Protein chains: 2
Amino acid sequence: MTKKLPSRRSDCPIARALDFVGDKWTLLVLRDIIMARRRYFQELLAGNEGIASNILANRLKLLEAARMITRRRDPAQARRVIYEPTEKALDLLPVMIELIRWGLKHDPNATAPAHFARRLAEDRDGFIADMRALHQRGI
Amino acid sequence: MTKKLPSRRSDCPIARALDFVGDKWTLLVLRDIIMARRRYFQELLAGNEGIASNILANRLKLLEAARMITRRRDPAQARRVIYEPTEKALDLLPVMIELIRWGLKHDPNATAPAHFARRLAEDRDGFIADMRALHQRGI
DNA sequence: CCGGATCCGTTTCGATACTG
DNA sequence: CAGTATCGAAACGGATCCGG
């Protein structure tokens with residue numbers, strides 16, 4: 001059995017948020033959808049440090065149920081399914097950014113492209129705004 | 001067997017960070033140690049939305065191994081063990097703050113005290129600085 | 001082909017009871 | 001008080017199969 005939608009009894013925002021993203025894979029799937037701009041099942045399968053297809057399918061289903069992503073057929077290629085982030089998912093960008101900053105500061109084995117790291121350090125909000133704009137214009 | 005220290009093959013800062021805090025409990029334990037200022041095993045046991053004692057013990061051990069908390073005997077009461085956050089753990093405050101902001105924005109069932117929420121919205125950095133200062137002065 | 005679903009062994013979780 | 005021991009339940013993950 002794969003992961004189910006949980007029901008936590010707490011009203012703490014952190015605890016409730018972790019019901020959605022408090023596992024090993026969900027935030028990585030969102031990272032690939034949002035930051036690496038992957039949109040197809042196969043792209044996500046190849047990108048996520050080796051996620052299993054059943055786990056990916058499960059997470060995509062949960063993310064759709066939580067209204068974090070939308071799912072639709074590719075108009076150009078009827079077989080393909082396109083996954084796209086909603087505003088709710090894009091609003092997790094600050095969380096991802098802070099995780100990256102933390103990793104780059106404290107984990108010597110964590111790496112990021114130099115221009116990427118510089119932008120994060122010097123212009124966090126601009127970086128987030130640019131990334132959001134890309135998705136909102138559907139580029 | 002409980003959770004082990006993982007070894008992910010990726011060098012992505014998000015993926016690597018999730019090896020430490022990418023589960024349901026670790027970040028909640030840190031929340032209680034850092035934001036609620038709980039320091040004893042029993043305090044943490046009572047506070048964390050009902051964490052089981054074996055899971056708490058396991059997470060405290062992993063957090064110590066990751067140099068996120070320190071463990072020492074209470075000088076006043078020899079049985080008690082005091083857990084305290086390191087700089088590395090305090091540097092997760094921005095991540096926690098952004099999770100809270102996300103929850104308050106998108107989860108209607110997430111709540112926070114009014115003055116707390118206002119401070120988060122209007123003076124995020126000041127709030128983080130104040131919280132860090134409390135721990136650094138050992139108050 | 002593409003996006004999954006199913007099967008099934010392994011790992012981790014978590015409630016309760018217990019111990020130094 | 002600060003943890004272990006136990007054991008059933010849940011989640012993971014690899015392999016394989018299936019429907020459009």
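Throughout, protein chains are lettered first and strands after them, A, B, ... in sequence-line order, and every chain is numbered starting at 1. Computed from a predicted structure; not experimentally measured.
- Between the NZ atom of Lys3(A) and the P atom of dG13(D) there is a distance of 12 Å, given to the nearest Å.
- Leu62(B) is listed as a side-chain neighbour of Lys3(B), based on a closest heavy-atom distance under 4.5 Å.
- Side chains of Arg67(B) and Thr86(B): a donor-acceptor N/O pair is absent below 3.5 angstrom, by distance only.
- Separating the CG atom of Asn54(B) from the C1' atom of dT16(C) is a distance of 10 Å, rounded to the nearest angstrom.
- Phosphate contact (OP1/OP2 of dC12(D), side-chain N/O of Arg59(A), threshold under 4.0 Å): present.
- Side-chain proximity of Ser53(B) to dA2(D), dT4(D), dA5(C): nearest is dT4(D).
- Residue Arg80(A) places its side chain closer to dC2(C) than to any other of dC2(C), dC12(D), dT12(C).
- Nearest to the side chain of Gln42(B), among dG14(C), dC1(D), dG3(C), sits dC1(D).
- The CD1 atom of Ile55(B) sits 15 Å away from the P atom of dA10(D) (whole-angstrom rounding).
- A salt bridge is absent between Asp74(A) and Arg39(A); no separation between the charged side-chain nitrogens and carboxylate oxygens falls under 4.0 Å.
- Here dA10(D) presents its C1' atom at 9 Å from NZ of Lys4(A), a figure rounded to the nearest Å.
- Residue Trp25(B) places no side-chain N or O under 4.0 Å from the OP1 or OP2 atom of dT12(C).
- Between the side chains of Arg37(A) and His135(A), at least one donor N or O sits under 3.5 Å from an acceptor N or O.
- The listed nucleotides are dA2(D), dG14(D), dA15(C); the one nearest the side chain of Arg71(B) is dA2(D).
- The phosphate of dT4(D) has OP1 or OP2 within less than 4.0 Å of a side-chain N or O from Lys61(B).
- Look at Lys24(B) and you won't find any side-chain N or O under 4.0 angstrom from OP1 or OP2 of dT12(C).
- Side-chain N/O atoms of Arg79(A) and base N/O atoms of dC1(C) include a donor-acceptor pair closer than 3.5 Å.
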